[in-house]
Amino acid sequence: MRSQQAIRKFAGSNYGSTAFENGKRSDPRAMMDFLAGNQKKAIASSLLHY
C-alpha cells in the first residue's frame, strides 16, 4: 500500500529543529516515525516543543 511505503520512507529520519515554529514542521515526521513503531522517539520529540 502507498501509505505503508510513505511510512517506511520517512520513518527514522531526522526531525530537524523542534524550537519555536520549527516544531510544527517536525510533527508530521514524528507521526510517521510513531506509526512505524518508534513511539518513544516520536513522543519525546513532540514533548520538546509543547
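A quick note: this is a predicted structure, and the numbers were derived from the prediction, not measured.
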Inter- and intrachain pairs under salt bridge (Lys or Arg N to Asp or Glu O under 4.0 Å), touching residues 29-40, at least two apart: D33-K41
Least distance between heavy atoms, A42 atom then A30 atom: CB-O, 3.2 Å
Pair up each side-chain donor or acceptor in residues 1-10 with any protein partner under 3.5 Å, not counting sequence neighbours, and list the distances.
none

